[in-house]
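The structure under discussion appears below in the form of structure tokens.
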Amino acid sequence: MKNTYLTENTAPTENSVLTESAAPAEHAVPTENAAPGGHAALSNERNRSARRQQLTVRIFQYILLTVLAVFLCLPFLFMVFQSVMPEPQFQAGQILPTSFTGLGYVKLFSEHNYLTYFLNTLVIVGFNVIAMPLASSFCAYSFARLKWRGKELVFACVLSTLMIPGVVTQIPLFLMFSSWGWTNTPWPLTIPTLFGGGAINIFLFRQFMRGIPMELEEAAKIDGANAFRRWFSITLPLCVPILLFVAVGAFGSSWGDYFQPMFYFTDPKKFTLAYTVYKIVVLDGVKVNSVAMAAGVFMSVLPALVFFLLQRKLIDGIMVGAVKG
Amino acid sequence: MKARKEADEAVILTDVPARRRENKFFTPRRRRMLTGWLTGVLFALPVILGVLIFTYYPAIQAFVSSFTKDGEFAGIYHYETIFVYDPDTWPVFGNTLLYALVSVPFSLVLGYFLALAANFKVKGIALYRILFYLPVVIPGVASGLLFAHMMASLNSNGVFNMILHSMGLGELPFFEEASTSMLSLLFMSVWTTGGSMIIWLSAFKNIPSTLYEAAKLDGANAWDCLVHITIPMSTPLIFYNLVTGVIGALQCTTPLVIVGDRFGTAGGGAGNAIYFISVKILNEFGYTFYEYASALAIVLFAVVGIFTLILFKTSKWVFYGEEK
């Protein structure tokens, strides 16, 4: 618990702005409810009208927010509804189901081997979720905290890889990995993560670590902690927000990745979920609507759940990343 | 220890200048520096190796092979094909550029308005923010599948068309016709504006409130505050979003998921109206034109580079604060 204490108090001090304090942008929204004092009766009158005005503004705000939320979430609610809609109702052109069926989900698992795909995906996702934050924070520690000649140059070289479109390296990588016999294995989607965990993540970690006060580390250094210990026991526990952010990013990118598996997987036993959805639903075209929609729902439930559980910390983390970026 | 001492003495006796040289080189300070350097490099080693093996080497390989045909040097053969002979080239590049130039500012502006709403100081705003951001966390393949389904024709029970029809507005072809495909793609991107909303929200929070207080004292209204404080103060984030957004949009592969291969070319859409560079590269590779695909990828890289360069060269409007 000491760690969380440290996080709350000493982690990037300049970022305390994130903790729901003064929010200047409300100025950008017209709210004229200042009622400067006057005569007692008058001010009373004014107070009341100001309050009424405030109430109107509130109601207007809620209506606007609700309309936006409904608009943005409706397609996904719709997907859920369609996944439990019996086929005849869909054929009849109904938008919302009048009775429910779980047939879409049953068929998904019985006809399409979904459990295997799910497990395949979990292996890749689980590996990346753990390896990516660790690997990128490890390397970022070198760029943020250690002093060595050539550091800036190496860092510039690492960052410059962001400019290279993925599709440029995709084809030679595919040829390289297949010459290593890595097709139909999870390796192409996992092992590269160990090597730095992505330039952008290293960048985010480096920026975040620079905001952590040096004193703690210097104290540990005097106590004889080596660089590895200083990274693992001092810096890492202070990086929880960004660790979480990178981990969820890793989850999202490997969970939803249909592009890379397209290259590496030819054996249906090795398919991942996202690729399966792409292949059997988009390319082959599943005939039954509820099965297609169930596939979509099944793909979306876990990311949505992860986001719901971690949203508060995550939005902060995104903000940290964004602010520093 | 004793043996060491003897050895040292032996060195002194036999080869004095050599020992001095060695001593000069490995002073305790230097040794410490060397250990420090080694530690630093060791920590960075994974990414150094990773970048070399998984990015630079393949990139160079792609570059080299773009100048070869069937393994033999062929000069600019493939580039000539791209720019002179391939009828796909101009539409593909045109589509991609159009999409990048329209979708990025579009989602930034839309995200800004969404962020204004998400910044209301009301109870339960956190829940609204989750709901606004939720569509962003849905995997692209799931949302692509969903929107393709919703934008289907009336005959295929597309929901948008059912709604339009019930309102007596007729039917929209969406992805079924070339003229409406690009607009439909932009329409889809409305649902992921929550992504740039977050950037804006963090920009809002990072602006010192004293600026607004001072402006208010000077009699500034909400619009003045927006134009003269909020937007200038968030320009670094706008710039960041612009650069990453443009790079991302130039590599967009979303049509693969939406239209599949229903229209002949995988991911091309009706009349190839939403045929993008990355998708074209993938298709060429699928036909085993590996070297041609590499040449296309290099051209895409050049396009991305040019755009990034233009953005950086014209970034005078970005305000990084007084201290820098």
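Letters A, B, ... are given to chains in the order of the sequence lines, protein chains preceding strands, and every chain is numbered from 1.
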## Note on the structure
Whatever's closer than 4.5 Å to a heavy atom in chain B on A/F71 counts as both
### Message
Taking OH in B/Y57 as the centre, count heavy atoms belonging to other residues, nucleotides or ligands within less than 6.0 Å. Is the count above 12?
### Response
no
### Message
Please find the pair of heavy atoms, one from A/V277 and one from B/V141, that lie closest to each other, and give the distance.
### Response
CG1-CG2, 3.9 Å
### Query
Do A/W148 side-chain atoms and B/T35 backbone N/O form a donor-acceptor pair below 3.5 Å?
no
### Query
side chain to side chain contact (heavy atoms under 4.5 Å, CB included) between A/I171 and B/I281: does it pass, once the steps are laid out?
CA-CA 10 Å; A/I171 297 164; B/I281 294 173; 4.0 Å; yes
#### Entry: Working for side chain to side chain contact (heavy atoms under 4.5 Å, CB included), residues B/L146 and A/Q82
CA-CA 10 Å; B/L146 170 64; A/Q82 292 257 305; over 6 Å; no
### Task
Let me know if A/L68 has heavy atoms under 4.5 Å from chain B in its side chain, its backbone, both or neither.
both
### Message
Show, in sequence, the C-alpha distance, side-chain angles and deciding distance for A/V154 and B/I48, and conclude whether the side chain to side chain contact (heavy atoms under 4.5 Å, CB included) test is met.
### Response
CA-CA 8 Å; A/V154 172; B/I48 295 174; 3.8 Å; yes
### Query
Can you tell if the side chain of A/L65 reaches within under 4.5 Å of the side chain of B/L131, non-hydrogen atoms only?
no
### Query
Taking A/F298, A/F259, A/F143 one by one, which has the highest count of heavy-atom pairs under 4.5 Å against chain B?
A/F259
### Task
Answer whether the closest heavy-atom distance between the side chains of A/Y278 and B/L256 falls below 4.5 Å.
yes
### Summary
Interface check, chain B: of A/A304, A/G296, A/C139, most non-hydrogen pairs under 4.5 Å belong to A/C139
### Portion of A/L175 that has a non-hydrogen atom of chain B nearer than 4.5 angstrom
side chain
### Closest-packed option against chain B by number of heavy-atom pairs under 4.5 Å, given A/A140, A/P192, A/P75, A/G256
A/P75
### Task
Evaluate the criterion side chain to side chain contact (heavy atoms under 4.5 Å, CB included) for residue pair B/F43 and A/R145; output intermediate values, then yes/no.
CA-CA 11 Å; B/F43 266 77; A/R145 280 292 195 256; over 6 Å; no
### Task
Might you point out which heavy atoms bring A/V167 and B/S278 nearest each other, and give the distance in Å?
CG1-OG, 4.2 Å
### Query
Minimum heavy-atom separation for B/V122 to A/Q61, with atom names?
CG1-OE1, 3.1 Å
### Query
Between A/W180 and B/F54, how do the two ring planes meet: parallel, tilted or perpendicular, split at 30° and 60°?
perpendicular
## Note on the structure
In A/F308, A/F307, A/W255, A/F251, the residue satisfying side chain to side chain contact (heavy atoms under 4.5 Å, CB included) with B/V137 is A/F307
### Message
Using a 6.0 Å cut-off, check whether atom NZ of A/K221 has over 12 heavy atoms from anything other than its own residue.
### Response
no
### Query
Would a 4.5 Å heavy-atom cut-off, applied to side chains only, mark B/L114 and A/L72 as touching?
yes
### Message
Given heavy-atom pairs under 4.5 angstrom as the criterion, report whether the side chain, backbone, both or neither of A/A135 touches chain B.
### Response
neither
## Note on the structure
Honestly, the part of A/F138 sitting under 4.5 Å from a heavy atom of chain B is both
### Query
Of all heavy-atom pairs between A/M299 and B/P139, which one has the smallest distance, and what is that distance?
O-CG, 3.6 Å
### Task
Please answer whether the main-chain N or O of B/A59 pairs with a side-chain N or O of A/T169 as donor and acceptor at a distance below 3.5 Å.
no
### Task
Working to the nearest 0.5 Å, report the span between CG of B/L38 and CG of A/L146.
11.5 Å
#### Entry: Most chain A-contacting option - heavy-atom pairs closer than 4.5 Å, from B/I258, B/T210, B/T39, B/T253
B/T253
### Query
Out of B/V159, B/T193, B/I53, which one racks up the most heavy-atom pairs below 4.5 Å with chain A?
B/V159
#### Entry: Interchain contact, B/V190 with chain A, by part (heavy-atom threshold 4.5 Å)
both
### Task
Against chain A, work out which of B/S294, B/P46, B/S234 has the most heavy-atom pairs shorter than 4.5 Å and name it.
B/P46
### Query
Roughly how far apart are A/F60 CZ and B/F120 CZ, rounded to 0.5 Å?
6.0 Å
### Task
Report the residues that fulfil side-chain hydrogen bond (donor to acceptor under 3.5 Å, both in side chains) with A/T66, sequence neighbours left out, ordered by chain and then residue number.
B/Y128
### Residue, of B/P135, B/G36, B/A62, that accumulates the most heavy atom pairs under 4.5 Å with chain A
B/P135
### side-chain contact (heavy atoms from CB on, under 4.5 Å) involving A/L96 - partner list, sequence neighbours excluded
A/F81
## Note on the structure
Ranked by heavy-atom pairs below 4.5 Å to chain A, first place among B/V41, B/I298, B/V259, B/I247 goes to B/V41
### Query
What's the shortest heavy-atom distance between B/M150 and A/F78, and which atoms?
CG-CE2, 3.5 Å
#### Entry: B/W191 and A/L74, any side-chain heavy atoms less than 4.5 Å apart
no
### Query
Shortest non-hydrogen contact from B/K121 to A/R58?
O-NH2, 3.0 Å
### Task
Can you establish whether the number of heavy atoms outside A/F232 located under 6.0 Å from its atom CZ is more than 12?
no
### Heavy-atom contact with chain B under 4.5 Å, split by part of A/M176
side chain
### Message
Students often mix this up, so state it plainly: with edges at 30° and 60°, are the rings of B/F147 and A/F76 parallel, tilted or perpendicular?
### Response
perpendicular
### Task
Under 4.5 Å, counting heavy-atom pairs only, tell me which of B/V257, B/L49, B/V304, B/T308 racks up the most with chain A.
B/V257
### Task
Please tell me if the side chains of B/L52 and A/F195 come closer than 4.5 Å, counting only heavy atoms from C-beta onward.
no
### Atom pair CZ/CE of A/R149 and B/M33 - distance to nearest 0.5 Å
6.5 Å
